[in-house]
Visitor: 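Pasting a structure below so you can have a look.
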Amino acid sequence: MTLWIALSWAALGGSLATLLGVVAWMLVRRRRASVDVIDEEWVFDIEHYRAMETLLAQEDLVFLQSQPGYRAEIGERWKRERHRIFRLYFAELKRDFRRLHAEARRLVAHADAESADLVWMLLRQRWIFALRTANLQVRLALAWAGIGKVDATPLIELLEAMRADVSRHATLHAA
Amino acid sequence: MAAFERILWYANFITTLAVLVRLIQCNLWRTYRSLFLYWLVQAAETPIMLQVPLKSTIYDHMYYVAQTVNLILAIGVVLELYREALARHPALAGFGRRSVLVLIGSAALLAATGIMLDATVLPGQSVIVHRFLTLERTVGLIVLAFLLLVSGILLWFPVNIRRNVVVYITGFVLFYSSRSGGLLLVNLLPRAALQPMSIILLGCSLACLLLWTFGLRKESEDVTTVTGNRSHAAALERLSEQLDQINTAVARFARNS
């Protein structure tokens, strides 16, 4: 009985505290005129992310290992630096996703009744994006520790789905 | 009933009448019909309840009936709130109609986790009253969780919300937070704590009523937003292109990693 009561307190208290926390956080963010909202000066530039393609490529490390004078610590430092830079790019990519998603939400909020299904799509995609980025973060941490390999495929699939959905709806409404 | 408790009860009654007058005066009762009905019923119940001795079986029965009616009306109130908050945004309103059951289900699931909290009936407490308070608290928690979920949705979308709706939601969040917490404590604490708890609950209720009395205004209904604008389709297309660019970049990264 005591265990059930303790679980009950934890579940109810935790859920309510989380809900209240999320609402309060959103309220504060909204009052600060969130950075996720696209302003006139912000320009999305895909060229900015080209460097990510080669950052974690194993070929570079293999080449480095074949060079005379190579030591294990050089390889370790190389990996550490590459991961650090990759994380910086990844953080920026996530911020861009959030900005674009915020823009999509703004458009949907002012769209006509036929766009109601877009709301579900945006909710679903934001949720899946959060899960998959969390997954990628864990994989990055494991890869840094020398366990496993980074796999960004689920995130790519999500972005592809999002792009396709938004594009389909945009074409539908433009018609 | 202690003198202070009785004063608070009268103050609640008078402020309830003030809320009703305010709603009529500002012609808001037509927009917020459920809210108006909720407080009209409360106003009708109070003088009747005051005639009945507090520690009597008839009072208990009247309390069960009154609170059951209030809870049914409260559900109507939050549904009206959800509808009104999204009314000026056609796409979100459509989403609102389809999502209401999901939201109520989620809120009910959350509230159900608290049923076990006061499973033990303390000596001197009536089992029926105890169980009814658990039920009342659980429905109150459903209302509270539903309101928090709705607030989350409203904040997530960059929409202009009418000030009256914000006041309406804030009042009910405070009202049902205090009521649910208070009812839980009434069941958990010994009978000696009943009167202080009743005073706290009446005080919180009075604060919410004052918020509605002074917060609900006619001019706060006039926030305008652009809806159903076809030019947004072009912007959505531009957005899709940008997302496509992100997608391509990450795809290249995946191939090379």
Side-chain angles (χ1 to χ4, degrees), chain A residues 1 4-5 7-9 11-12 15-16 19-20 22-23 26-27 29-30 37 44 46 49-50 52-57 93 96-97 100 102-120 149-153 155-156 159-160 162-163 166-167 169-171 173-174, chain B residues 89-99 109-120 141 144-145 148-149 151-153 155-159 173 177 225-230 232-257:
Chain A
M1 193 65 155
W4 281 111
I5 292 171
L7 283 174
S8 203
W9 273 113
L12 183 68
S15 316
L16 277 178
L19 254 179
L20 273 168
V22 167
V23 170
M26 288 169 107
L27 203 63
R29 240 167 128 241
R30 194 180 160 113
V37 176
F44 174 71
I46 196 66
Y49 298 106
R50 293 232 185 266
M52 287 177 82
E53 295 169 24
T54 52
L55 269 172
L56 301 183
L93 191 68
D96 280 354
F97 179 90
L100 294 170
E103 176 74 349
R105 291 201 303 274
R106 191 183 67 78
L107 294 170
V108 167
H110 301 296
D112 52 26
E114 290 164 19
S115 306
D117 50 342
L118 270 172
V119 184
W120 284 111
K149 194 182 166 188
V150 174
D151 180 18
T153 314
L155 198 64
I156 297 152
L159 286 167
E160 171 56 26
M162 183 168 183
R163 188 208 57 78
V166 175
S167 183
H169 283 280
T171 314
H173 288 280
Chain B
H89 304 274
L92 296 184
F95 162 76
R97 280 191 292 277
R98 289 184 225 167
S99 65
L109 201 66
L110 190 149
T113 59
I115 288 176
M116 290 300 288
L117 292 178
D118 52 358
T120 313
L141 274 173
L144 176 65
L148 288 173
L149 288 169
S151 304
I153 289 172
L155 287 168
W156 199 54
F157 286 95
V159 292
V173 166
S177 306
T225 52
V226 182
T227 57
N229 192 335
R230 289 279 179 183
H232 288 123
L236 272 171
E237 204 160 14
R238 174 178 56 81
L239 185 68
S240 75
E241 280 170 20
Q242 290 174 328
L243 289 167
D244 194 20
Q245 285 180 316
I246 290 184
N247 186 29
T248 313
V250 183
R252 269 199 301 272
F253 156 68
R255 276 199 301 273
N256 296 332
S257 64

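Quick note on labels: first sequence line is chain A, next is B, and so on, each numbered from 1. Here the structure is a predicted model, which means the values were calculated and not measured.
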Visitor: Who wins among B/Ala111, B/Gly94, B/Gly114 for the most heavy-atom pairs under 4.5 Å with chain A?
Guide: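 Answer, by heavy-atom pair count under 4.5 Å with chain A: B/Gly114.
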Visitor: Tell me whether B/Thr113 contacts the main-chain N or O of A/Ser8 through its side chain, where contact means a donor paired with an acceptor under 3.5 Å.
Guide: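 Flag not set: sc B/Thr113 to bb A/Ser8 has no pair under 3.5 Å.
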Visitor: Considering only heavy atoms, which portion of B/Ser177 lies under 4.5 Å from any heavy atom of chain A: side chain, backbone, both, or neither?
Guide: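 Neither part, no heavy atoms under 4.5 Å.
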Visitor: Please classify the contact between B/Ile115 and chain A as side chain, backbone, both or neither, with a heavy-atom cut-off of under 4.5 Å.
Guide: backbone
Visitor: Excluding sequence neighbours, so at least two apart, what forms ring-ring contact (aromatic ring centres under 6.0 Å, His included) with A/Trp120?
Guide: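 Applying ring-ring contact (aromatic ring centres under 6.0 Å, His included) to A/Trp120 gives B/Phe95.
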Visitor: With a 4.5 angstrom heavy-atom cut-off, could you sort out which part of B/Arg98 is near chain A: side chain, backbone, both or neither?
Guide: both
Visitor: So which heavy atom on B/Leu110 is nearest to which on A/Ser15, and how close?
Guide: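 Closest heavy-atom pair between B/Leu110 and A/Ser15: CD1-CB, 3.5 Å.
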Visitor: How close do A/Ile5 and B/Met116 get, heavy atom to heavy atom, and via which atoms?
Guide: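 Looking at all heavy atoms of both residues, the shortest contact is CG1-O, 3.6 Å.
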Visitor: Looking at B/Leu144, B/Leu149, B/Leu141, B/Leu148, which makes the most heavy-atom pairs under 4.5 Å with chain A?
Guide: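 Of the options given, most contacts go to B/Leu148.
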Visitor: For residues A/Ala111 and B/Pro90, report the shortest heavy-atom separation together with the two atoms involved.
Guide: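 Heavy-atom minimum between the residues: O-CD, 3.7 Å.
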Visitor: Pick one of side chain, backbone, both or neither for A/Val22, based on which atoms fall under 4.5 Å of a heavy atom in chain B.
Guide: neither
